[in-house]
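Data first, discussion second: the structure below is written as structure tokens.
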Amino acid sequence: MTSQAGPSRDILRFTTHRHLRQRLLLSILSGKSIRVDGIRSDDVHVGLRDYEINLLRLAEKVTNGSTIEISVTGTSFLFHPGLLPGGNYTHTCHIGRSIGYYLELLIPLAPFCKKPFEINLYGVTGEEGRDMTVDMIRTVTLPHLHLFGVTDGLELQIKKRGSAPLGGGQAVFKCPVVRSLKTVQFLEKGKIRKIRGVAYSTRVSPQFANRMVESARSILNRYIPDIYLITDVYKGDDSGKSPGYGLTLLSQSTTSSLHSSETLSIPNQTQTPEDIALKAARLLLEEISTGGCVDSKHQWLVALLMALGKEDVSKVRMGKLTAHSVQFFRDMLLFFGTKYKLVENAQTGEVDVSCIGIGYSNVNKSMA
């Protein structure tokens, strides 16, 4: 996982396919080229997977002037980033990963485009255990951007649902442009005041969604009265190509800190709606118990936006840091020279993360 600047000062070198999205993202934002070697060189099937090549093509599509050179075996590639023009795009995502996999690259880039950004994405809207579903992104990820002043016109619409493995879903992501981000002081996690959720199903009995709601309530009602879970049942052409069902839950505190969880059915495995709902509810309670003002899946995103803010100190209290977040801090040091100050509370395990913003301004917008 180690990396160092190559012979050319501007090319950062990495090995392995891990953290590919965050390095592509940081490359585009910082304007630094990256070279990644040793991609699954020890696997039976070496090199980049089809969905990773699809992601590289998406990065090429939404930027102006990017170049990608992939080796014959697919075990290494060189990426030179371009500018972010914004505008309207359409992209068919590879069904090897869900739409959330691609949105995690696009969401932090979109506010820094020249023109407002809009993209139609086609593919799998949610898959268990790999990427965030479109519901999680709509209800939890986008509100995290509100903290930094990205608000008006920011939305994600789910036009069609498409469960794994065949997909057939469609989502539309829209984002306004900003000149710069706000600094944030978010240290009070508050008390949980409400729980919201959506139970969805495609190509199965509509009763599945109701059964998930009842089972989730059987656990959550013990803790809090303000619970509102909706059902979202898709039929016919809007329900994609595969049967599936799932539940996304989120809790909101008195200070608007969000914690979330989700569980989906796995293709070709027998799982009752009750099993899925109970698992999602327990995962939500576990997520809340880790503390902090930021959901564990969004630590890296908040850390990135803190660093890109105005030249002032941002502070956010997070729960126990994930391995992904720790690696992200290391990559931020490489790409932007940003250092984070981490102060851990020995009793709760929560971490106060602070950094000085680099004053990242939207160069694409100013050039317009």
Side-chain angles (χ1 to χ4, degrees), residues 17-25 49-59 61-62 89-110 117-145 154-175 197-200 202 232 234 240-242 244-250 258-267 276 280 283 287 294-302 304 322 324-325 328:
H17 60 284
R18 293 190 187 89
H19 312 290
L20 176 70
R21 276 174 303 177
Q22 70 185 42
R23 285 165 182 166
L24 264 182
L25 164 67
R49 297 286 178 259
D50 289 343
Y51 60 80
E52 289 166 336
I53 293 171
N54 189 294
L55 181 77
L56 289 169
R57 295 287 169 240
L58 174 61
K61 186 183 284 186
V62 300
Y89 301 91
T90 300
H91 186 73
T92 303
C93 305
H94 190 271
I95 54 171
R97 292 299 276 263
S98 69
I99 289 174
Y101 174 78
Y102 299 89
L103 279 172
E104 278 187 50
L105 172 75
L106 296 174
I107 286 171
L109 292 176
F117 182 84
E118 181 176 335
I119 188 164
N120 258 294
L121 294 167
Y122 296 88
V124 176
T125 51
E127 187 181 5
E128 172 61 21
R130 296 189 84 181
D131 309 299
M132 291 191 287
T133 64
V134 286
D135 294 274
M136 174 81 82
I137 289 169
R138 183 171 60 85
T139 55
V140 186
T141 309
L142 298 189
H144 279 99
L145 268 71
L154 179 70
E155 62 174 327
L156 177 63
Q157 300 168 348
I158 303 165
K159 299 283 193 186
K160 293 181 181 178
R161 282 194 187 278
S163 298
L166 298 177
Q170 179 191 359
V172 182
F173 171 58
K174 299 177 183 176
C175 184
V198 55
Y200 42 87
T202 60
D232 196 12
Y234 280 67
K241 300 173 182 174
S242 298
Y245 44 95
L247 175 66
T248 299
L249 296 170
L250 70 130
L258 297 174
H259 289 85
S260 61
S261 71
E262 59 188 0
T263 308
L264 289 85
S265 58
I266 300 172
I276 279 179
L283 285 173
E287 182 68 48
V294 175
D295 185 68
S296 63
K297 297 180 190 70
H298 297 88
Q299 289 172 352
W300 70 271
L301 177 66
V302 171
L304 169 67
T322 63
H324 183 74
S325 304
F328 190 78

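Quick note: residue numbers are just sequence positions, from 1. Please read all numbers here as calculations on a predicted model, not as lab measurements.
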Residues Glu128, Ser265; criterion side chain to side chain donor-acceptor pair (under 3.5 Å); working and verdict: CA-CA 7 Å; Glu128 172 61 21; Ser265 58; over 6 Å; no

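- Distance check: Leu156 CG to Leu103 CG gives 6.0 Å after rounding to the nearest 0.5 Å.
- Minimum interatomic distance between Ser260 and Asp295 (heavy atoms only, all atoms of both residues): N-OD1, 2.9 Å.
- Nearest heavy atoms, Ser242 versus Ala164: CB-O, 3.5 Å.
- Side-chain atoms of Gln22 do not come within 3.5 Å of backbone N or O of His19 as any donor-acceptor pair.
- Between the side chains of Ser296 and Thr322, not a single donor N or O lies within less than 3.5 Å of an accepting N or O.
- The two atoms that bring Arg18 and Arg23 nearest to each other are O-NH1, 3.4 Å, heavy atoms only.
- For the pair Gln157 (side chain) and Ala171 (backbone), a donor-acceptor distance under 3.5 Å is absent.
- Atom-to-atom distance recorded for Thr248:OG1 and Glu262:CD is 4.5 Å, nearest 0.5 angstrom.
- Annotation: side chain of Ile107 is in contact with side chain of Thr141 (closest heavy-atom distance under 4.5 Å).
- Heavy-atom minimum distance, Ile119 versus Thr90: CG1-N, 4.4 Å.
- Ser325 OG to Leu301 CG: the interatomic distance, rounded to the nearest 0.5 Å, is 10.5 Å.
- In summary, of the residues considered (Ile99, Thr125, Val124, Leu264), a side chain to side chain contact (heavy atoms under 4.5 Å, CB included) with Thr133 occurs for Leu264 alone.
- Proximity of Leu106 to Leu121: side-chain heavy atoms (C-beta onward) are separated by under 4.5 Å at one or more points.
- Ile276 has its side chain within reach of Tyr245: a pair of non-hydrogen atoms, C-beta onward, lies under 4.5 Å apart.
- One finds the CG atom of Leu142 at 11.0 Å from the CG atom of Leu258 (value rounded to the nearest 0.5 Å).
- Side-chain contact between Lys174 and Val172 is present, with at least one heavy-atom pair separated by less than 4.5 Å.
- Asp135 pairs by the salt bridge (Lys or Arg N to Asp or Glu O under 4.0 Å) definition with Arg138, Arg161, not counting sequence neighbours.
- Between Phe173 and Val134, the closest side-chain pair of non-hydrogen atoms is not below 4.5 Å.
- With contacts defined as side-chain heavy-atom distances shorter than 4.5 Å, the pair Tyr234/Ile158 qualifies.
- Taking CG of Leu249 as the start and OG of Ser261 as the end, the distance is 4.5 Å to the nearest 0.5 Å.
- In this structure, the side chains of Phe117 and Val62 come closer than 4.5 Å at one or more pairs of heavy atoms.
- Put simply, the side chain of Leu25 reaches to within 4.5 Å of the side chain of Leu304, judged on heavy atoms.
- The minimum heavy-atom distance between Trp300 and His324, with the atom names listed, is CD1-CD2, 3.7 Å.
- Across every non-hydrogen atom of Leu166 and Ile95, the tightest pair is O-CG2, 3.7 Å.
- The SG atom of Cys93 lies 9.0 Å from the CG atom of Leu55; values are rounded to the nearest 0.5 Å.
- Relative ring orientation between Tyr101 and Tyr51 is described as perpendicular, the plane-to-plane angle rising above 60° on a 0-90° scale split at 30° and 60°.
- Below 30°, between 30° and 60°, or above 60°: for His91 and Tyr102 the angle between ring planes is between 30° and 60°, a tilted geometry.
- A 6.0 Å sphere centred on NZ of Lys159 holds no more than 12 heavy atoms belonging to other residues, nucleotides or ligands.
- Applying the salt bridge (Lys or Arg N to Asp or Glu O under 4.0 Å) definition to pairs two or more places apart or across chains, those involving residues 95-105 are Arg21-Glu104, Arg97-Asp131.
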Side chain to side chain contact (heavy atoms under 4.5 Å, CB included) assessment of His298 paired with Val140: CA-CA 9 Å; His298 297 88; Val140 186; 3.5 Å; yes

